[in-house]
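Notes for the one structure printed next.
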2 protein chains.
Amino acid sequence: MTRRRGSPDARVVKTHERLAQALVALTLERGYDAVTVRELTARAGVGYATFFRHCSSKEALLEQLLTDTLDDLMARLTPQLVTSDLARIGTLVFGHARDHADRYRVLLRTGEITGLLERCTRLGTETLSATFIPKPGSVVPFEVAAHHLVHSFIGLVAWYLDAGLPHTPERMGEILEALILEPTYRVALEAKK
Amino acid sequence: MTRRRGSPDARVVKTHERLAQALVALTLERGYDAVTVRELTARAGVGYATFFRHCSSKEALLEQLLTDTLDDLMARLTPQLVTSDLARIGTLVFGHARDHADRYRVLLRTGEITGLLERCTRLGTETLSATFIPKPGSVVPFEVAAHHLVHSFIGLVAWYLDAGLPHTPERMGEILEALILEPTYRVALEAKK
DNA sequence: GAAGTTATGATATACACTGTATCAGAAATG
DNA sequence: CATTTCTGATACAGTGTATATCATAACTTC
């Protein structure tokens, strides 16, 4: 039974951490599909049956990894959003990706499984709608601009990780601004009055 | 044994077509992972063992679907590339996607499995390198620009299909130009002299 | 159109992985 | 320290993969 509040059993958190870490490591080694639950538990140093006491499936573990990571990222991002300090968002995201590179690699590489793009697009569209309105007469619909912004942002993060973190988060923030944010704003968006 | 040349056995092509069609249909219905080879052969009206005489696995069938589709697309695109008629590329690609919408949906939805992004990035980078050089002093490296171009292009095609083909290929070509091609060229590329 | 070649269908089988159940023992909480 | 709860080990049924075999049907070539 899950404990309601206060003190989670130390064994539970330890097992969960080991499983998540093993999933990341094995996915990077052999690819997500090739990883079996038996390998996973062996790598984690955990009994086979114990896995199913934590997750209903391998996908559920990945799903929770995404949720945890997104929650952590949003906790750092939200303060910048309320102060409308949009310029720093790029730096923060790329810094977060760098700090959790392996985890990000797994989540981005198995993005279609976790529904990462859909969830981020929803977040991004809501954020955009709060700050911008469609630019009148633009050839680019608002919906397309929002999708493009999120999708190419994620793509840039994925490239950053695949390329082995060749630049600082600040530099990547500048690239993001020049290649994606500024053009999208200029062509399709208008600041809310 | 595979025939060397001339006349491929009519049974082979029929079986292969049925299998490919069944894979597309079932993937759109239940999702790629949920599709089993048994379902596949049942839907295709083909014996179970026959599947493995054509493909080594479900992934191999998907892989071949991607190869066939990319070959067909490139055959239509190449003439435009040599005449440097880059403006028409967008229209051609979106038209091709519209004409083979279900197949595209499957390939884009399972992109990480088929390695679609990697192969398209290679193609796109080669094409770009033939026509453009890095813009001196740009904050955006050539490699990043090439990756961005291809990745966001693919993302726009994927949106087009998910949204249910709400615009004409010509209109999508204009959006592509305004949102992706023009900004990337302006910020990071320079025409070869 | 006939002969020979080749793919197919049906069936059986070995193997791998999943997900669940059980139970004794270890570890954490209060 | 006593009780609760998690864990490890093991067994098991169910499902899906991949291969092998053989009689039959379909196709190509001449």
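Residue numbering restarts at 1 for every chain, and letters A, B, ... go by the order of the sequence lines.
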For R119(B) and T67(B), run side-chain hydrogen bond (donor to acceptor under 3.5 Å, both in side chains): C-alpha distance rounded to whole Å, both residues' side-chain angles, the deciding distance at 0.1 Å, then the answer. CA-CA 10 Å; R119(B) 289 166 66 167; T67(B) 299; 3.1 Å; yes
Would K58(A) and E39(A) satisfy salt bridge (Lys or Arg N to Asp or Glu O under 4.0 Å), going step by step from the backbone distance to the final call? CA-CA 11 Å; K58(A) 202 177 56 168; E39(A) 286 177 323; over 6 Å; no
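With DNA chain D read from its 5' end, the first of the two nearest nucleotides for K14(B) and V37(B) is the one closest to V37(B). The 5' end of DNA chain C is approached more closely, in terms of each residue's nearest nucleotide, by T15(B) than by the other of Y48(B) and T15(B). Residues V35(A) and V46(B) both approach DNA chain C. Their nearest nucleotides, taken by heavy-atom distance, put V46(B) toward the 5′ side. Both A10(B) and T36(B) lie near DNA chain D, and the one whose nearest nucleotide falls closer to the 5' end is T36(B).
For R38(B) and dA10(C), the CZ to C1' distance is 11 Å, given to the nearest whole Å. D33(A) has its CG atom 14 Å from the P atom of dC17(C), to the nearest Å. Rounding to whole angstrom units, NE2 of residue H54(B) and C1' of dT19(D) are separated by 16 Å. Put simply, CD on E59(A) is 11 Å from C1' on dT18(C), counting in whole angstrom units. Rounding to whole angstrom units, NZ of residue K58(B) and C1' of dG16(D) are separated by 10 Å. With rounding to whole Å, F51(B) atom CZ is found 8 Å from dT17(D) atom P. Between F52(B) atom CZ and dT11(C) atom P there is a gap of 17 Å when expressed in whole angstrom units.
Under the 30°/60° scheme for interplanar angles, the aromatic rings of H147(B) and W159(A) are found to be tilted. Note: H16(B) and H54(B) have tilted aromatic rings, judged against thresholds of 30 and 60 degrees for the angle between ring planes.
Two residues are said to be in side-chain contact when any heavy atoms from C-beta on lie closer than 4.5 Å; R53(B) and T50(B) meet this criterion.
With hydrogens and angles ignored, no donor-acceptor pair under 3.5 angstrom links the side chain of R11(A) to the base of dA28(C). One donor-acceptor pair, N or O on each side, does fall under 3.5 Å between the base of dG9(C) and the side chain of R53(B).
Under 4.0 angstrom from either OP1 or OP2 of dT7(D) there lies no side-chain N or O belonging to T50(A).
Contact annotation for H16(A): no contact, since no heavy-atom pair falls under 4.0 Å across all strands.
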